[in-house]
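This is a predicted model, so every value here is computed, not measured. Letters A, B, ... mirror the listed sequences (proteins, then strands); counts begin at 1.
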There are 2 protein chains.
Amino acid sequence: MRRPLIRKLEKFTRLSQADKDMLLRIAAQRVRRFAAREDIIHEGEKPEFINLISEGWACRYKTLQDGRRQIIAFFLPGDLCDLNVFVLKEMDHSIGAITPVVVSEISRTAFDEMMIGHPRITQALWWESLVAAAIQREWTVNLGQRDALERMAHLLCELFIRLEAAGCTSNSSCEFPLTQTELGETLGMSTVHVNRTLQELRASNLIVLKDRTLTIPNLKALQDVALFNPNYLHLDREGRHLDANEE
Amino acid sequence: MRRPLIRKLEKFTRLSQADKDMLLRIAAQRVRRFAAREDIIHEGEKPEFINLISEGWACRYKTLQDGRRQIIAFFLPGDLCDLNVFVLKEMDHSIGAITPVVVSEISRTAFDEMMIGHPRITQALWWESLVAAAIQREWTVNLGQRDALERMAHLLCELFIRLEAAGCTSNSSCEFPLTQTELGETLGMSTVHVNRTLQELRASNLIVLKDRTLTIPNLKALQDVALFNPNYLHLDREGRHLDANEE
DNA sequence: AATGGAGATTAACATAGGTAAGGTCGTTGC
DNA sequence: GCAACGACCTTACCTATGTTAATCTCCATT
């Protein structure tokens with residue numbers, strides 16, 4: 001019933017019923033569950049599968065020798081980890097569950113099989129992987145140029161819009177399972193400063209964040225604070241833009 | 001005579017003579033030159049070609065509305081910009097020359113032609129693009145977790161090792177055309193602090209940087225300061241490691 | 001030789017954000 | 001029931017880094 005990948009890919013292109021059936025079939029082949037905080041794959045291992053997150057939140061992260069940890073990316077429902085990972089000999093980072101997650105493991109043969117005869121899927125998956133790269137670039141800008149408030153606002157905008165594309169929002173709210181520690185590891189700031197920054201956003205009525213639920217009463221206003229330009233998410237299928245209402 | 005791309009790809013796999021001839025032929029088809037500081041492609045344009053930097057340095061960058069600029073990646077001789085860029089409708093960032101550069105433009109058809117019948121090339125190009133993604137991730141870690149000194153040291157290590165892979169170093173030196181302003185835009189720090197940081201590295205005899213030439217007398221020592229782990233560059237073809245001597 | 005500009009350097013001062021410590025609250029386990 | 005814990009929040013203090021602005025050094029022009 002929840003098909004976040006399909007929902008997301010259809011932001012980019014139209015899929016036939018056969019395409020959708022194929023995606024659902026592949027995703028059903030090998031399903032694994034992980035507990036919150038459990039590693040899905042660890043640095044140094046040889047990757048054997050493409051992982052599709054079908055439920056829950058996960059993250060890519062790296063740890064320095066002295067223990068500092070940086071979260072490099074979030075995987076939300078419908079996100080794929082590393083389409084072409086088969087080329088590499090070993091993982092240079094880890095992927096860990098944030099909440100309990102359900103993951104579909106896609107083998108190389110299943111993946112190749114899917115690409116053959118489904119050009120729409122193929123193209124849509126390339127799009128998804130290019131968007132992932134664009135997000136990584138935007139994070140570089142975020143960490144390099146924006147101050148704490150802008151940075152936090154930018155992250156919240158991005159996550160909200162991505163969740164919306166996957167069908168995981170209702171009105172102006174979404175589940176938001178990240179702890180302040182995880183936010184700090186993402187944005188390169190201390191938990192104390194994460195807290196200060198969230199307080200400031202709350203005081204300006206830009207966000208409501210309580211009981212693992214995030215509400216953004218006025219997305220446009222938050223985007224303005226963040227200097228957020230959604231173009232890097234490439235969600236506009238026909239020159240349609242994100243500030244126009246969706247669906 | 002200088003074939004940085006081939007040299008680099010051979011770090012990953014062996015190429016046949018036919019493979020090399022093909023690469024050289026493709027690269028010779030459309031050659032363009034750009035002056036230093038000139039844009040190769042600008043945000044908002046529709047990308048028509050894969051760009052191969054054959055001489056000089058270029059960078060990917062993004063500018064915020066208020067003018068702050070972040071350099072997101074460097075392109076060194078032998079680097080390719082965005083293999084699969086044909087999928088996207090418009091650039092979400094710009095690519096600019098740092099020095100005068102020579103660029104080979106590779107059209108979609110030329111690219112497809114090259115992939116057919118040259119599986120080694122195909123695989124090597126995927127490898128190159130996955131390494132580019134890994135570098136982007138490492139930059140996220142760099143900006144998020146390392147302090148100014150570590151950050152600078154890390155960048156210098158990375159650039160030196162990449163230049164080495166492209167055959168652009170001699171002994172422990174390489175050309176280094178970046179201004180302190182550009183270093184600041186890369187590392188998210190003010191030019192004043194870039195200057196302080198470079199002084200500190202010089203004072204510790206970790207680098208010699210003068211007249212656009214960088215010398216790293218003791219790479220291992222600089223790597224230690226940077227908490228630099230070269231695994232993300234995936235340069236070890238047979239489990240060989242970078243600290244072992246190359247070639 | 002004088003002029004001008006880009007880049008590098010330095011100093012004096014200001015501040016965003018880090019560190020350390022501790023407190024509250026709710027949940028889990030015994 | 002209470003101990004232990006994890007998330008969160010807060011305060012006080014400290015430091016890495018930013019800001020501003022002045023100076024210096026090369027080069028390239030004229």
Side-chain angles (χ1 to χ4, degrees), chain A residues 35-38 57 64 66-71 96-100 142-155 175-203 207-214 225-226, chain B residues 35-38 57 64 66-71 97-100 142-156 175-203 207-214 225-226:
Chain A
R37 310 284 155 106
E38 199 178 345
W57 290 35
L64 299 184
D66 63 5
R68 279 175 277 178
R69 183 170 103 124
Q70 174 71 36
I71 291 178
I98 287 177
T99 64
N142 212 21
L143 288 167
Q145 297 301 323
R146 284 185 256 255
D147 69 21
L149 189 74
E150 296 165 342
R151 213 143 78 215
M152 178 69 75
H154 193 280
L155 177 65
E175 282 183 47
F176 195 83
L178 301 179
T179 64
Q180 296 189 355
T181 302
E182 286 159 341
L183 284 169
E185 289 167 341
T186 306
L187 298 172
M189 53 207 247
S190 66
T191 57
V192 173
H193 206 57
V194 167
N195 192 284
R196 285 197 271 251
T197 306
L198 288 175
Q199 300 299 349
E200 195 176 340
L201 288 172
R202 280 192 264 249
I207 62 166
V208 181
L209 177 53
K210 218 185 135 189
D211 300 331
R212 322 264 106 158
T213 301
L214 171 67
V225 166
Chain B
R37 310 282 156 108
E38 199 178 345
W57 289 35
L64 299 185
D66 63 4
R68 279 175 278 177
R69 182 170 103 123
Q70 174 70 36
I71 292 179
I98 288 179
T99 65
N142 212 21
L143 289 167
Q145 297 301 323
R146 284 185 256 255
D147 68 21
L149 189 75
E150 296 166 342
R151 214 145 77 215
M152 179 68 76
H154 193 280
L155 177 66
L156 299 180
E175 281 184 48
F176 195 83
L178 301 179
T179 65
Q180 296 189 356
T181 303
E182 287 159 340
L183 283 169
E185 290 167 339
T186 305
L187 297 173
M189 55 208 245
S190 66
T191 59
V192 173
H193 205 57
V194 166
N195 192 286
R196 286 197 272 250
T197 306
L198 288 174
Q199 300 299 348
E200 194 177 341
L201 288 172
R202 281 194 262 249
I207 63 166
V208 181
L209 178 53
K210 218 184 135 187
D211 300 330
R212 320 265 107 156
T213 300
L214 170 68
V225 167

J.: Check whether any side-chain N or O of B/Gln70 sits under 3.5 Å from a backbone N or O of B/Glu185 as a donor-acceptor pair, and report yes or no.
T.: yes
J.: Taking any heavy-atom pair under 4.0 Å as a contact, classify B/Arg151: base, sugar-phosphate, or nothing.
T.: nothing
J.: Pick the nucleotide of DNA chain C nearest each of B/Gln180 and A/Thr191; which residue has the one closer to the 5' end?
T.: B/Gln180
J.: Is a donor from one side chain sitting under 3.5 angstrom from an acceptor on the other, for B/His154 and B/Arg151?
T.: no
J.: Does any non-hydrogen side-chain atom of A/Ile98 lie less than 4.5 Å from one of A/Leu178?
T.: yes
J.: Check every strand shown and say whether A/Gly188 touches a base, only sugar-phosphate, or nothing at a heavy-atom separation below 4.0 Å.
T.: sugar-phosphate
J.: Could you tell me how far apart B/Glu185 (CD) and D/dG18 (C1') are, to the nearest whole angstrom?
T.: 15 Å
J.: More than 12 heavy atoms of other residues, nucleotides or ligands under 6.0 Å from CD of A/Glu175: yes or no?
T.: no
J.: Whole angstrom is fine here: how far is it from NE2 in B/His193 over to C1' in C/dG7?
T.: 19 Å
J.: Compare the minimum distances between each of D/dT19, D/dA7, D/dT10 and the side chain of A/Arg37, then state the nucleotide with the smallest one.
T.: D/dA7
J.: Are any of B/Asn195's side-chain N or O atoms less than 4.0 Å away from OP1 or OP2 of C/dT9?
T.: yes
J.: Check the distance between C/dG17's C1' and A/Leu183's CG and give it to me in whole angstrom.
T.: 16 Å
J.: How close or far is atom C1' of D/dA16 from atom CD of B/Gln145, stated in whole angstroms?
T.: 16 Å
J.: Are OP1 or OP2 of D/dA16 and a side-chain N or O of B/Arg146 less than 4.0 angstrom apart?
T.: no
J.: Does A/Ile207 form a side-chain contact (heavy atoms from CB on, under 4.5 Å) with A/Met152? I'd like the steps, not just the answer.
T.: CA-CA 11 Å; A/Ile207 62 166; A/Met152 178 69 75; over 6 Å; no
J.: Locate the shortest heavy-atom distance separating B/Glu150 from B/Gln145; write the atom from each residue and the value.
T.: OE1-O, 4.3 Å
J.: Rounded to whole angstroms, how far apart are CG on B/Asp147 and C1' on D/dT17?
T.: 11 Å
J.: Does the side-chain contact (heavy atoms from CB on, under 4.5 Å) test come out yes or no for B/Leu64 and A/Arg146, once each step is laid out?
T.: CA-CA 9 Å; B/Leu64 299 185; A/Arg146 284 185 256 255; 3.5 Å; yes
J.: Counting heavy atoms from C-beta on, name the nucleotide in D/dC8, D/dT11, C/dA8 closest to the side chain of A/Thr179.
T.: D/dC8
J.: Measure the distance from CG on B/Leu209 to P on C/dT9 and round it to the nearest whole Å.
T.: 8 Å
J.: Rounded to the nearest angstrom, tell me the gap between atom CD in A/Glu200 and atom P in D/dT10.
T.: 13 Å
J.: Ignoring backbone atoms, test whether B/Gln199 places a side-chain nitrogen or oxygen under 4.0 Å from the OP1 or OP2 oxygen of C/dA8.
T.: no
J.: Just call it for B/Arg68: base, sugar-phosphate, or nothing, with non-hydrogen atoms closer than 4.0 Å on any strand.
T.: nothing
J.: If you fit an axis to the five pairs at each end of the helix from C/dA1-D/dT30 to C/dC30-D/dG1, how big is the angle between those two axes, to 10 degrees?
T.: 40°
J.: Hey, does A/Ser190 reach any base, or is it just sugar-phosphate, or nothing, if we go heavy atoms under 4.0 Å?
T.: base
J.: Measure across A/Val194 and A/Leu183 and return the closest heavy-atom pair with its distance rounded to 0.1 Å.
T.: CG1-CB, 4.0 Å
J.: Using OP1 and OP2 only, check whether a side-chain N or O of B/Arg212 sits under 4.0 Å from D/dC26.
T.: no
J.: When the distance from CE of B/Met152 to P of D/dA16 is rounded to whole Å, what number comes out?
T.: 17 Å
J.: What about B/Arg196, does its side chain sit under 3.5 Å from the base of D/dG18 through a donor-acceptor pair?
T.: yes
